[in-house]
Amino acid sequence: MKILSDILITVETIEIIGNTEVPVTSIVFDSRKVDLGCVFVAVKGTQTDGHTFIPGAAEKGAKAIVCESLPNDLNNEIVYIKVANSSKAMGQMAAAFYDYPSQRLKLVGITGTNGKTTTATLLYHLVRKLGYKAGLLSTVRNYIDDKIIEATHTTPDAVQMNRLMRQMLDAGCDYCFMEVSSHAIDQQRIAGLSFEGALFTNITHDHLDYHKTFAEYIKAKKKFFDDLHPESFALINTDDKNGRVMVQNTKARVKSYAVNSAADFKAKILESHFEGSLLEIDHTEIWTYFVGRFNAYNLLAVFSAASMLGFEKEEILKVISELKPVEGRFETIRSVNGITAIVDYAHTPDALLNVINSINQIRNDNQDLITVVGAGGDRDKTKRPEMAKIASENSSKTILTSDNPRSEDPNDILNDMKVGVDILNQKKVLSITDRKEAIRTACLLAKGGDIILIAGKGHETYQEIKGVKHHFDDREVINQIFNELYN
């Protein structure tokens, strides 16, 4: 339990009505979770406006209401705090409520279109292999040292985030690595957090359903670096032309990494195979279990961030050589007759092209690449034809199928994708709505030595159709079909 005035200490308030020297039990923004003695924060969301739930929160026993617009009817037993931005205020309050856990952890945030999950997860594993306790906040799952907490969003809400970090501290963690999505930055979910460092991977076409323009998407990412304190570090990929844009106004210490351009940390790809890659990182050769140019960037980002955290080069490289790929990221499954299936989370045009290019650089002329790909419903529609175009132009055969259609008709999504297929490539493109049948068809089309890429869902274990989540795991499906056809 905390005193309300203590958790408002960093919040810029416009007006306060009532006595703030009162105890409060929790901070909530979901009106269904309001209980006696809590602070209810009325947040304007993308779907609903929390201000409409203020009367209900008052009836359920909220001790205080934080809002951007005061209600007409005020309750004398409730403290009202008017602020300019409820989301920002909630982040600042949550940090204070849990005694500022991010200030006592070495917190590193990773942002970018692609590579966030892999980079954050590998940093978590690296630090633990070096003998330290660490936490992870990621798309796949969250960790408090070795305890798994299942993830529901790329970046949790501010209250949950600070609660998890408090638990990390209580468990003895020294470090926390987290994905920082553009939504979280824009919605002020990371307000109140203190970052030891921030890392930019890249920025490509994604989330335009939310940000509307690419310029706004870049602006959201850039804000993360704008808000860093001078003692933190900002690490950017200078092979991405927007890398320098990210740090134009930052107060943090800027360092860079790159494969092609001049940078503080450099890497080269010396050999690439389906079993792994031989890399040169900071003038030292190491064998890794990772495949593809995009993974070279991910591993270089890990090396760079670990170096900025003060770890020795030799110990970092030793652990990198032992690390294994993150589940659902270029995860390989082989049949007994020599077909290689690759399951990957690639769900943006750039990520899909990166994975396909990596495969094409390794396969020989006798090996076909059969790509199974879809696009999510209720999301950015403009990337659908782009993904179909990339798959059809760079694969031997392409099967367009369902991803997570959500509330949309999957056939409408496939029709949007087909627009991107050039007339010369139409003969090598199939459309199969049922994802399992699409994967089965790819297996039937493949011969020994061929490669099947199943893109889009990666680690996910469900398919969302008409608002209902059904169990579906690409890895389970491919294993089942391989066993049925070839065992």
Side-chain angles (χ1 to χ4, degrees), residues 105-130 132 134 136 138 174-180 195-203 221-222 224-225 228 230-247 250-270 277-290 292-323 325-326 329 354:
L105 290 163
K106 290 185 178 179
L107 174 64
V108 178
I110 297 92
T111 197
T113 307
N114 303 311
K116 294 189 298 294
T117 300
T118 296
T119 304
T121 304
L122 294 182
L123 277 165
Y124 160 79
H125 286 302
L126 181 142
V127 164
R128 293 190 75 241
K129 280 179 175 287
L130 290 173
Y132 295 86
L136 173 68
S138 81
D174 301 293
Y175 298 87
C176 176
F177 303 99
M178 67 176 288
E179 295 184 45
V180 179
F195 287 88
E196 179 82 8
L199 194 154
F200 168 75
T201 60
N202 51 63
I203 191 162
K221 296 285 190 188
K222 182 178 178 296
F224 179 34
F225 295 89
L228 293 173
E231 292 77 31
S232 58
F233 66 82
L235 188 56
I236 56 168
N237 172 10
T238 49
D239 282 345
D240 187 297
K241 63 182 180 182
N242 288 297
R244 293 292 179 192
V245 174
M246 292 294 138
V247 292
T250 192
K251 302 179 188 71
R253 294 174 291 124
V254 178
K255 294 290 183 179
S256 59
Y257 70 96
V259 173
N260 295 329
S261 55
D264 297 300
F265 301 99
K266 291 279 292 178
K268 291 180 184 176
I269 303 169
L270 303 178
S277 302
L278 180 65
L279 303 179
E280 182 184 282
I281 297 178
D282 196 25
H283 308 292
T284 302
E285 290 186 15
I286 63 164
W287 174 262
T288 77
Y289 292 101
F290 293 78
R293 190 175 189 80
F294 63 98
N295 269 324
Y297 280 100
N298 292 334
L299 292 175
L300 179 58
V302 168
F303 174 82
S304 306
S307 298
M308 294 301 295
L309 288 170
F311 294 106
E312 294 297 324
K313 172 183 171 178
E314 291 73 17
E315 58 184 7
I316 298 170
L317 291 177
K318 180 180 181 298
V319 173
I320 285 178
S321 70
E322 298 168 355
L323 293 173
V326 176
R329 269 66 175 178
N354 284 339

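Nothing here was measured: the structure is a model prediction, and the numbers come from that model. Heavy-atom basis, side chains included; hydrogens, waters and symmetry copies ignored.
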Looking only at non-hydrogen atoms, find the nearest pair between Ser321 and Tyr289 and report the distance.
-> O-CE1, 3.5 Å
Under the ring-ring contact (aromatic ring centres under 6.0 Å, His included) test, residues paired with Tyr297 that sit two or more places apart | none
With sequence neighbours left out, write down each residue that passes salt bridge (Lys or Arg N to Asp or Glu O under 4.0 Å) with Lys222, or none if nothing qualifies.
-> Asp226
Identify the heavy atoms of Thr238 and Ala262 that sit nearest to each other, and give their distance.
-> OG1-O, 3.4 Å
Thr250: what forms a side chain to side chain donor-acceptor pair (under 3.5 Å) with it, not counting sequence neighbours?
-> none
In chain order, what residues pass the side chain to side chain donor-acceptor pair (under 3.5 Å) check against Asn298, with sequence neighbours excluded?
-> Asn295
Set of side chain to side chain donor-acceptor pair (under 3.5 Å) partners for Ser304, sequence neighbours left out | none
Within a strict 4.5 Å, meaning less than it, do heavy atoms of the Ile110 and Leu123 side chains meet?
-> yes
Would you say Ser256 and Arg244 make side-chain contact, with heavy atoms under 4.5 Å?
-> yes
Nearest heavy-atom approach of Ser232 to Ala252 is O-CB, 3.3 Å
Qualifying residues under ring-ring contact (aromatic ring centres under 6.0 Å, His included), relative to Phe225, sequence neighbours excluded = none
Pairing residues for Glu322 by the salt bridge (Lys or Arg N to Asp or Glu O under 4.0 Å) criterion, not counting sequence neighbours | Lys318
From CD1 (Ile236) to CE (Met246), nearest 0.5 Å = 9.5 Å
Measure the shortest side-chain to side-chain distance between Arg329 and Phe294 over non-hydrogen atoms and say whether it is less than 4.5 angstrom.
-> no
Partner residues of Phe233 under the ring-ring contact (aromatic ring centres under 6.0 Å, His included) criterion, sequence neighbours left out = none
When rounded to the nearest 0.5 angstrom, what is the spacing between CG in Leu107 and OH in Tyr175?
-> 12.5 Å
Contacts of Asp282 meeting salt bridge (Lys or Arg N to Asp or Glu O under 4.0 Å) (sequence neighbours excluded), chain-then-number -> Lys313
Side-chain donor or acceptor of Asn202 paired with backbone N/O of Gly112 under 3.5 Å | no
Kindly state each residue pair satisfying salt bridge (charged side-chain N to carboxylate O under 4.0 Å, His left out) with at least one member in residues 252-264, sequence neighbours excluded.
-> none
Mark yes when over 12 heavy atoms from residues, nucleotides or ligands other than Phe311 sit less than 6.0 Å from its CZ; otherwise mark no.
-> yes
Any chance you could measure Glu280, atom CD, to Lys268, atom NZ, to the nearest 0.5 Å?
-> 5.0 Å
Closest non-hydrogen contact found for Lys266 with Val259 is NZ-O, 3.2 Å
In chain order, what residues pass the side chain to side chain donor-acceptor pair (under 3.5 Å) check against Asn354, with sequence neighbours excluded?
-> Asp350
Considering only heavy atoms from C-beta outward, does the side chain of Ile320 approach that of Leu126 to under 4.5 Å?
-> yes
Rounded distance (nearest 0.5 Å) linking atom CG of Asn260 with atom CG of Asp239 = 4.5 Å
Closest heavy-atom pair, Leu235 versus Ala305, reported as atoms and distance to 0.1 Å, is CD2-N, 3.4 Å
Sole candidate of Leu270, Ile269, Thr288 that passes side chain to side chain contact (heavy atoms under 4.5 Å, CB included) when paired with Leu278 | Leu270
Taking ring-ring contact (aromatic ring centres under 6.0 Å, His included) as the test, write out the residues that go with Phe290, two or more places apart.
-> none
So, the side chain of Ser138 versus the backbone of Thr117: is there a donor-acceptor pair under 3.5 Å, distance only?
-> no
Atom OG in Ser277, atom CZ in Arg293: separation rounded to 0.5 Å?
-> 11.5 Å
Identify the heavy atoms of Leu300 and Ala258 that sit nearest to each other, and give their distance.
-> CD2-O, 3.3 Å
CG (Leu309) and CG (Asp174) are apart, to the nearest 0.5 Å, by 11.0 Å
